[in-house]
Every structure is written in C-alpha cells, then in structure tokens.
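Letters go in sequence order (proteins before strands), and every chain restarts at 1.
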Amino acid sequence: MTVCENIKQQLAAQFPGIEERVKIPRPRRIFVDSSIEEFKKVFEYAINELGFKHLCTITGLDELDKFSLIYHLAQENGVLLNIKISLSHEDPVVDSIIGYFPAAEIYERELVDLFGIRVNGLPEGLRYPLTDDWPLDEHPLRKDWKPKTAS
Amino acid sequence: MRDSNKFKIPIGPQHPALKEPESFSVALRGEKILGVDIRLGYNHRGIEKAAEERTYIQSLYIIERICGICSHSHSTCFVQAVEEIAALEVPKRALYIRTLIGELERVHSHLLWLGVAGHEIGFDTLLMYTWRDREVVMDLLALLTGNRVNYGVNTYGGVRRDISPEQAREILKGVDILEERTKYYIEVATQEVTIIQRLSGVGVLSREDALKLDAVGPTARACGVARDIRKDDPYSAYAEVPFSVITDDHCDVYGRTVVRVKELMESYKIIRYVLKNMPEGPIAIKAPRKIPAGEALGRYEAPRGEDVHYVKANGTEKPERVKVRAPTLANLQAVKHMLKDRYLADMPIVIAAIDPCFSCTDRMIAVGYVDSNKAEVINWEALRSYGIEWYRGKGIDFSKLNKEFSRRAIS
C-alpha cells in the first residue's frame, strides 16, 4: 500500500464518512474535502498524528456560491495533504491557524485583503498585500471584482 | 513614563539602500531591536488576478515575470501544475533541459547572493569577484535561451529550445571555470577570519524554530533541516539525478553562507550529469489550448527555497485560479524571529541572508516613541543638533573644532 493510501485509511478510520471525500490524484498528493465542523479535528489529527508539520500555504477560492480555503500541509517526505473547507459567500468567517503555524499570519492577511474573508483570532497588524488606501470593501480576487480600467 | 531610549525607526518603502520597495518599522532600545514590523506588498502587481483573465499561454509569460532572478523557478512550478491537470506526458529530454536551466539559474542566484552578502558586511572585494564570475553563467544562460533572465524556455508539454552539442560543450567549459572559482569561495567562506567572525552567531535560528516557523530553502538547511523539494518531492529530472542535500548545523548567517557555496558544487554535479545523460528525442508534445477541469499543486525548489503554485482549471482556455507562494513569504516569520533582541547593525546581513536582496539600517524620517504612540517628524537639522547636544551633555564639545574646519574650508 502506498503512503497516501495508508494516510487515507487512517483518516477513514478516524473520521467516518470522510473516505469518499479523499482523492489521491497522483503519488504524494492527497486532497480532502472537510466540513467546517470537523475541520479543526482533521487539521489537528493531520499535524499531530499523521506528521504533517509544514504548512506550504493557504489558497483562497471564490466559487461563486461559496468561498473555499485549501490548507496545503506537507510531510518532510514530500507528501502533501490539501484540506479544503467551504465558507458561506455572504459572511465568510474562519478561525485563524496561527496557533499551529505562526507563518500562516501573512497567508491569512492575504485572505482578508484579496477575498474579504474574516479571520477570527488574527491579531491586529499591517495589511498585506494591498495598499493602505485601498477600499476596505474591495477584494480583487473575488470573481465579481473587475479592474476599473479594462485590461 | 516616556522612555527616551526606545525608538521606532521606519526604513523604506523608498530608501536608497533598499533594492526593492519594502517597509520595516524597527522598534529599538539603544542599538537593540525590540521587534520589527514588516510591511510588504509594494511590489504587488495583481499577477494572480491577471492570470485568471488571460489564456494559459499568456499567463505563463506573466508568471515567469514574478521574479527577475528565479523566473525559471516560477514558470516551471506553474507548468508542472498545469501539465498535471492536463495529464501531459512531458518528454524526458524536456525534463532534463528544465533541470539544466534550473541549476544554471541556481548558480547565478547563489553567486549573486554571495556578492550581496559580501557587500552587506563591507567586504566589497567579494562582491566584485563573485559578480565577475557570475557573468560566466549569465553568458551561458544567454547562449542557451537568448536572455540573461526570463528565459522563456518552458511551455506546456515541454520546452521551446533544444540544446545543441556545441552548446553542451560551452556549458561544460563554463562549469569548469565556475567550479574552480567556487572552490576558492568555499575556502574564503570557511577560512577567512573576517567572514567567520562577522557572520557567526548572527541571525540565529534554532532547528526547532526553523521547523516551527516553516522556514524554507537554504535558511532551513543551515539549521540542519534537510528540506529540499528536489529530493522530497522530485520534479523534472531530479528523481534520476544523483546529488546531496547540503545542510549545516551553525544555525546562523555563517551556516547559510556555507550551505549556499556548497550547493553550488552540487549544482555543477547536476549540470554535468544532465548533459552526459540527456536522452534523445522530442523536446515537447502538443498541449491543448483548453485545459480540462481539475486542480493541482506544483512545488519547486527555487534558489531561495520552496516555491508553491496551486492551479485550478475549469475546462476553458483560461485558468480559474492561480495561487503563488514564493519562498521569501515563507521565511518572513523566521526573519522577524532572527532580528529580535539582536543589534541594528546586524539587520542588513540577517535580512540579506534569507536572500530577498535587502540591506540597510539607515536614517529616520520620523521618530515615534514606542510607549506614547506619538510620532514626531524630525528633520536633518533637528537630528544634527540633537546629536550635538547629546555629546555636549557627555562633556564632549566639537563646536570650536567645527568652526575651525569651516574657516579652513572657506579659505
């Protein structure tokens, strides 16, 4: 059994019903769709029990009816676990993960600026990457945002 | 109570000694750094959004321009993700050529870094030497691709330029020269007393902190963390190429220097192997204009560390989403940690040591007192008289001497 299959089985044993939401598109890549309720447990299990100690980054996605976030976690042997959660489009809120990964701070600020996602527990600080005078209600990576001048 | 020894000094975003616009707000007590706030984003060009609004081919050329130094890193990372979604079988020869260009890029980047590091510690002879030698690899890259940076070698399904036997010979000749020079730099880095003393114990990051703060690249490897995507998550031809991951246990700027100069030797090894074992055959296969729906994550060991590109395709000729995480962003928390409780004079080299090409500790525009949150603008004249008064308070008065000098200057 491959390393990825093994991880899939461990996840399936721990979280009933998650198995059909785990995809292994190629060696060293695992994609998991997690519900927002079970996310914290899956996330902690991945870090503490499965050895995913490195956070590559967090990707935000605007999927029109919802926002999705993908947490890209890595093992030192190159296996990547991509945990995806979905947030409501009207009021996207998520808990910060800087308690687990301090380096996540800048990735979460990106979500705030570019997608307008509220991150609970993210301390006050300098914004990133938009300028200080950028309107607070404009989030360029939202699909309905268009540049004022035609590209 | 107002503690007049505590200062907040803004450095940047526009500053003569900064190579790129970034802003540091350094809280100081005397010479000691209490904390640093780093404001990034002045270079944000909206490339991720731009990629969503362009075709894959157009996006590839924009993505290549994310960075001038590791342009090949970004474009390779991106095409890998797209090729994975489209299930393209890239010809082996193309993978070898990508590896070759990638290693030549690493050589030019590391030599550039060594020069910058020398410059930051006032060892400008090293800067002149390394940048002179770097021209050898720049010429090779120009020979192979027509450009010193932004090589435009990658395309979906392979590469756009083949390597001729004459070019291969030129590369080998160049690598021989570079290897000779690098041996000398290894000697300099490991034996030259000035370098050892200036860099040892500066910018310390323990192995535990490197892991906790998710440091990447030579920054992590100098803390004894053998994290190298070329080995851990092999791409291009790296699974077939023998090379060692260089680590060091010094956990400081000195260690980062040693890791980089030794990595140069590994790069030469890889280049020679790739040229010797390059398979014959086509250099590209035809890729569709429309990429089927799917998602993939590309990883690449750029000269500065792990580069990550996430691509989501929706079946059209434009990507649905492109996400880029460059290595410097991952090392940001580590830098803040390295600077805390250290001296201001170490700041240029500590920041330079993660290789974002930074320097400087210069002059204040505004002085904010840390605990009163009040900022006052100080001009040069006021700063000068503040200095004169401060020395006068210590019983040192240069006013007579100054008058004498200005009298002489006039006459």
Side-chain angles (χ1 to χ4, degrees), chain A residues 23 25-31 53-64 68-70 72-82 84 98 100-107 109-111 113-115 124-132 134 139-143 145-147 150-151, chain B residues 13 23 25 37-46 48-50 52-54 84-85 87 209 211-216 220 225-235 294-297 299 306-312 314 320-326 328-334 336-337:
Chain A
K23 274 184 292 178
R26 74 157 175 97
R28 301 191 298 273
R29 292 291 184 279
I30 309 168
F31 285 83
K53 303 272 186 198
H54 173 56
L55 176 76
C56 294
T57 189
I58 310 170
T59 298
L61 295 165
D62 181 358
E63 298 185 307
L64 300 177
S68 292
L69 302 181
I70 309 176
H72 307 281
L73 298 174
Q75 278 181 346
E76 294 298 333
N77 59 6
V79 176
L80 274 188
L81 180 65
N82 306 283
K84 185 171 175 182
I98 56 172
Y100 306 96
F101 297 103
E105 184 189 334
I106 199 91
Y107 311 144
R109 294 205 191 284
E110 248 185 88
L111 296 175
D113 259 17
L114 299 178
F115 286 96
E124 290 277 304
L126 302 167
R127 67 188 292 188
Y128 173 78
L130 299 175
T131 56
D132 291 333
W134 187 272
H139 307 292
L141 281 186
R142 287 192 175 190
K143 290 286 178 193
W145 188 92
K146 295 278 175 245
S151 58
Chain B
S23 172
S25 181
D37 278 332
I38 306 176
R39 173 70 161 101
L40 300 170
Y42 298 96
N43 269 337
H44 187 73
R45 289 152 289 167
E48 293 179 357
K49 183 76 176 181
E52 285 177 16
E53 297 182 350
R54 282 163 177 79
E84 189 185 322
I85 299 170
D209 287 331
L211 289 169
K212 197 179 92 193
L213 300 173
D214 281 319
V216 296
V225 180
R227 190 176 270 172
D228 190 324
I229 307 301
R230 292 175 294 173
K231 259 305 185 242
D232 305 337
D233 197 355
Y235 53 91
E295 58 184 347
L297 196 85
R299 285 167 102 200
E306 177 200 38
D307 186 19
V308 182
H309 285 225
Y310 169 85
V311 180
K312 188 171 184 215
N314 53 13
E320 168 84 13
R321 171 89 168 100
V322 178
K323 157 85 189 168
V324 177
R325 202 275 282 131
T328 299
L329 208 58
N331 278 331
L332 207 66
Q333 289 294 334
K336 279 192 191 178
H337 182 82

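Interface residue A:L114: only side-chain heavy atoms are found under 4.5 Å from chain B. Residue A:D62 touches chain B through its backbone alone, counting heavy-atom pairs closer than 4.5 Å. In this structure, chain A has no heavy atom under 4.5 Å from any part of B:I229. Contact of A:I98 with chain B is not made at all, since no heavy-atom distance falls under 4.5 Å. With a 4.5 angstrom heavy-atom cutoff, B:K312 touches chain A only via side-chain atoms. With a 4.5 angstrom heavy-atom cutoff, B:E306 touches chain A only via side-chain atoms. Looking at A:L80, the atoms closer than 4.5 Å to chain B (heavy atoms on both sides) all sit in the side chain, from C-beta outward. Interface remark: B:L297 contributes backbone and side-chain atoms alike to the contact with chain A (heavy atom separation under 4.5 Å).
For the pair B:K49 (side chain) and A:P140 (backbone), a donor-acceptor distance under 3.5 Å is present. No donor-acceptor pair under 3.5 Å is formed between the side chain of B:D232 and the backbone N or O of A:N77. Proximity of a side-chain donor or acceptor of A:R29 to a complementary backbone N or O of B:A296 within less than 3.5 Å is not detected. A donor-acceptor distance shorter than 3.5 angstrom exists from the side chain of B:R39 to the backbone of A:R127, with no hydrogens or angles considered. In this structure, A:R28 contributes its side chain and B:P234 its backbone to a donor-acceptor pair below 3.5 Å.
With values rounded to the nearest 0.5 angstrom, A:Y107 atom OH is found 9.0 Å from B:L332 atom CG. Separating the CD1 atom in A:I106 from the CG atom in B:N331 is a distance of 12.5 Å, to the nearest 0.5 Å. Here the CG atom belonging to A:L55 is positioned 12.0 Å from the CG atom belonging to B:L213, to the nearest 0.5 angstrom. The NZ atom of A:K143 sits 3.5 Å away from atom CD of B:E52, with the distance rounded to the nearest 0.5 Å.
Considering only heavy atoms from C-beta on, A:L61 comes within 4.5 Å of B:Y310 through its side chain. Side-chain contact check for B:Y42 versus A:T131: every heavy-atom pair is 4.5 Å or farther apart.
By the neighbour-count criterion of 12 heavy atoms within 6.0 Å, atom NZ of A:K53 is densely surrounded, having more than that number from other residues, nucleotides or ligands. A 6.0 Å sphere centred on NZ of A:K23 holds no more than 12 heavy atoms belonging to other residues, nucleotides or ligands.
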>> What verdict does the side-chain contact (heavy atoms from CB on, under 4.5 Å) test give for B:D233 and A:Q75, after you've listed the backbone C-alpha separation in whole Å, the side-chain angles of each residue and the deciding distance to 0.1 Å?
In response: CA-CA 10 Å; B:D233 197 355; A:Q75 278 181 346; over 6 Å; no

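The pair A:E63-B:R321 does not meet the salt-bridge criterion, since no charged nitrogen lies less than 4.0 angstrom from a carboxylate oxygen.
Ranked by heavy-atom pairs under 4.5 Å with chain A, the list B:R227, B:H44, B:H337 is led by B:R227. Comparing B:K336, B:E84, B:K212 by how many heavy-atom pairs each has under 4.5 Å with chain A, the most go to B:E84.
Nearest heavy atoms, B:K323 versus A:I58: CE-O, 3.4 Å.
When A:I70, A:N82, A:T59 are each tested for a side-chain contact (heavy atoms from CB on, under 4.5 Å) with B:E295, only one passes: A:I70.
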